Structure formats: C-alpha cells, structure tokens
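Keep in mind that what you see is a predicted model, and the values were worked out from it rather than measured. One-based numbering, in listed order, for ligands and for the atoms of each.
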Amino acid sequence: MAILVTGGAGYIGSHTVVELLNQDHEVVIVDDFSNAHPTVLDRIKELSGKDFSFYELNLLDKEGLEKVFEENEIEAVIHFAGFKAVGESVEKPLKYYHNNITGTLVLLEVMKAFNVKKIVFSSSATVYGMDNKAPFTEDMPTSATNPYGQTKVFIEHILSDLVVSDEEWSVILLRYFNPIGAHESGRIGEDPNDVPNNLMPYITQVAVGKLEQLSIFGDDYETHDGTGVRDYIHVLDLAQGHLSALDYALKHSGVEAVNLGTGEGYSVLDVVHAFENANDVEIPYEIVDRRPGDIAVGYADATKAKELLGWEAVHSLEDMCRTSWNWQKNNPNGYEE
Ligand code: UFG
C-alpha cells in the first residue's frame, strides 16, 4: 500500500517524502512543478537510497489523477499541493481559489471513488487570523485576511464536512507555523521561484549576495524589540510531524486540527542575529513600513500535537539557521544548475 503525496516535489513535501522513504513507506508523488524543480526528485532518491513513483500532474486533471489511483494501491494521501504566495493571492484570487480549492475537491472526489478516506492536509497558522491572541490553540475561531488564507480555511471546512457526512473518513488538518531550515545534507531545501516573500529565504539570499539587504517590516510592534514574532519550526520536525499524523490517521477516523509549531516565538531581529551567530555572516538590514496583513505575534500552543500524535519539535533556532545557510551556500541558485 502506498502513500500519495501531492506537492511532493515542493519544499515541505520533499523533506517529508525522504522521511517516508526512510521509514519504508511506499510513495507516489504527484506534482506539476509549478513551484518545484525536477532535480529534487533525483536528490530525494540520492538521500533515501529508495525509489518512488512520480506523476507530473495538476490536481485539476481528474482523469490523470484517476489513473494514479488505478495504477497504485493508495492507502492514504498527504496533500501539500497548493499555491502559497499571500501577496499574489490578493492580486489573483481566482487563480488561488481555483487551483487550491477546486484542486482539493477533485482530489477528494477521486479519493472517494477509490474508497481512500485518509488524508493529512497542509493547513496553516494563517487560519488563526488577526483576532486571536497567541499562543494559538486548535479550538480558536478561524478566519483569514487574504485569498491564500481563505483557501486554507475553506478546505478545513470542506474536509470537516466530509467527516460529518461519512464517519469512515480520517482527516488531520496540520496547521504549520513558520517552516524554515533544510535537510542536514544541504541537498534539498527551500527554492523560491522569485524574490522570496518569506523571511528565511530572503535572509539566505542576502547572505549569498543575491539580494542587497533585508527589509524588516516594522519595528513598532508590541514585542520585545518591536519586530514581529513568529514560531519558526525546522522543516525536518515538520516532516516528522507528518509521519506522526499519518500514523494517527491510519488508526483512527474523524477530524483533528493540530498545530505544528515549537510553541516558542522569536522576533525578526532574533532570527537575523541567530543567523549571523550560527553562520558567522553579516546580514545588512533596514527597517521599513509594516507589511499589510501581518500580525504582531503568532506562535503555537504545541500541547495537542504532543498529546494526540506523540510529536514535538526538537530542532533549535540555531539548527534552523545553520541548515538554511548550508543549503543556500551549496545551491546558490537553488535547483537550477
Ligand atoms: N519579514 C520581514 N522581511 C521580509 C520577510 C518577512 O521583516 O522580507 C517579517 C514579517 O513581517 C514577519 C516575519 O518576518 O514578522 C515572518 O514573515 P514570513 O513572511 O516569513 O512569514 P509569515 O508569518 O508572514 O507567513 C507565514 C507563512 C504563510 C502564512 C502566514 C500566516 O509563510 O504561508 O505565516 O500565518 F500564511
């Protein structure tokens, strides 16, 4: 029996696939390379020493997806595939709603038709919206301020409704906080298509000389140094979280939302300084205006993941900074030769 991983060539997907293969799971990856590079597949093989099936496919291609289910005995799905750039989602809402929501609907229809009813979904801490106060617990009301975030909120509802309609479904909604870091080997890591939107890839591109300096979005938040506070989590911890969630989903039915975070908050300046110290490089920065839609403080209450899944994050911020830099330094242009 195989685990289908949608978006398995992406940043979090690729790290999770390596762990799945390391734990002897059979893996089928579906990815359309819209935000991933084919080279990652070779690197996954190299790191795991194992093979897997791969289909270049967008989830909107229902016939293609049916073929995947016909040709493989799928036991459960880990669903990463989706567009994720907040700013772009504001400019192109239809693109985001169509790809993320319709893509998920097609996936669920095909799963249902093939009687596969176990799914681990990549949700986001973005569903905690602007009004909840950290630490965020899974029972807090959800909302979103941009189309990307709305797709996460809607898909959480869709999956929850599915469980109400048929109690055989087993759904885990994993709410990621801020994934950074890379595989220890430096062979796989985050490879943004364009100028990075997120903090860590921006920092590593400044460090490698591709970008001149970091712009820090606001230093007048109510935090210990005025810059925004987030819960940064090592992508390898996140990958392990998926394996724990998968184990749980295979043994239970129903729906559970679970935070994947460390429970600890660091400011932008904390991260900049941790990066400088861990790697002995300097990150020039300037303070600019706040970025619209940013919250001051967001971090997880990580209790539920530990109690329900037996999972907790083990990597330090220093690990995250060191491995992010190791990846960027060894692959200054990402997967592009
Ligand atoms: N930041 C900067 N400069 C940058 C980039 C980010 O100062 O160039 C700051 C942000 O203002 C924020 C912190 O760094 O305080 C983290 O920003 P990221 O963009 O890395 O992460 P976000 O917390 O904004 O975004 C993450 C995920 C999104 C998700 C969002 C909401 O990447 O997918 O959390 O929870 F929607």
Side-chain angles (χ1 to χ4, degrees), residues 7 10-12 35 80 82-90 96 100 121-136 140 142-156 173-181 190 192-207 210-233 235 238 257 259-262 264-275 283-300 317 320-321 324:
Y11 171 45
I12 305 170
N35 190 19
F80 292 103
F83 293 149
K84 62 171 187 178
V86 173
E88 189 194 36
S89 81
V90 176
Y96 273 69
N100 292 10
F121 172 61
S122 297
S123 188
S124 165
T126 198
V127 303
Y128 291 112
M130 304 287 282
D131 300 328
N132 292 304
K133 196 175 164 326
F136 298 142
M140 286 176 168
T142 60
S143 65
T145 51
N146 57 72
Y148 158 76
Q150 295 287 13
T151 69
K152 297 296 181 192
V153 172
F154 285 167
I155 295 168
E156 286 202 358
L173 311 169
L174 292 180
R175 295 178 178 163
Y176 310 156
F177 281 73
N178 290 58
I180 59 173
E190 186 169 13
N193 259 343
D194 235 325
V195 177
N197 298 305
N198 298 112
L199 180 62
M200 184 53 83
Y202 207 102
I203 289 177
T204 60
Q205 292 200 13
V206 169
K210 292 181 80 174
L211 296 167
E212 207 168 318
Q213 62 175 358
L214 173 70
S215 298
I216 295 184
F217 301 138
D219 67 350
D220 55 353
Y221 287 106
E222 273 185 45
T223 63
H224 64 273
D225 59 21
T227 65
V229 166
R230 296 290 184 276
D231 185 337
Y232 295 92
I233 174 164
V235 67
L238 211 55
N259 290 337
L260 292 186
T262 65
E264 232 171 305
Y266 289 100
S267 73
V268 179
L269 281 171
D270 289 337
V271 175
V272 169
H273 295 138
F275 189 91
I283 303 299
Y285 66 82
E286 62 168 343
I287 307 290
V288 300
D289 286 348
R290 290 182 179 194
R291 182 171 63 179
D294 273 357
I295 54 172
V297 178
Y299 60 94
L317 182 61
M320 304 182 216
C321 291
S324 291

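- Side-chain N/O atoms of Ser122 and Tyr176 include a donor and acceptor closer than 3.5 Å.
- Taking each of Arg175, Arg290, Arg291 in turn, the one with a heavy atom nearest to atom 24 (O) of ligand 1 proves to be Arg291.
- The nearest non-hydrogen atom to atom 1 (N) of ligand 1, considering only Phe177, Phe217, Tyr266, comes from Phe217.
- Residue Asn198 touches ligand 1 through backbone and side chain together, judged by heavy-atom distances below 4.0 Å.
- Judged as a salt bridge (Lys or Arg N to Asp or Glu O under 4.0 Å), and not counting sequence neighbours, the contacts of Glu88 are Lys92, Lys95.
- Only backbone heavy atoms of Ser215 (N, CA, C or O) come within less than 4.0 Å of ligand 1; its side chain stays farther off.
- When only interatomic distances are considered, the shortest N/O to N/O separation between Leu199 and ligand 1 falls below 3.5 Å.
- Ring geometry for Phe136 against Tyr128 counts as parallel: the plane angle stays under 30°, on a 0 to 90° scale with 60° as the upper cut.
- Using modelled atom types and a 3.5 Å distance limit, the side chains of Thr227 and Asp219 yield no donor-acceptor pair.
- At a 4.0 Å heavy-atom cut-off, ligand 1 touches Asn197 through the backbone alone.
- Residue contacts with ligand 1, taken as heavy atom pairs separated by less than 4.0 Å, involve Thr126 via backbone and side-chain atoms alike.
- For the pair Ser124 and ligand 1, the shortest N or O to N or O distance does not fall below 3.5 Å.
- For Tyr221, the side chain to side chain donor-acceptor pair (under 3.5 Å) criterion is met by no residue, not counting sequence neighbours.
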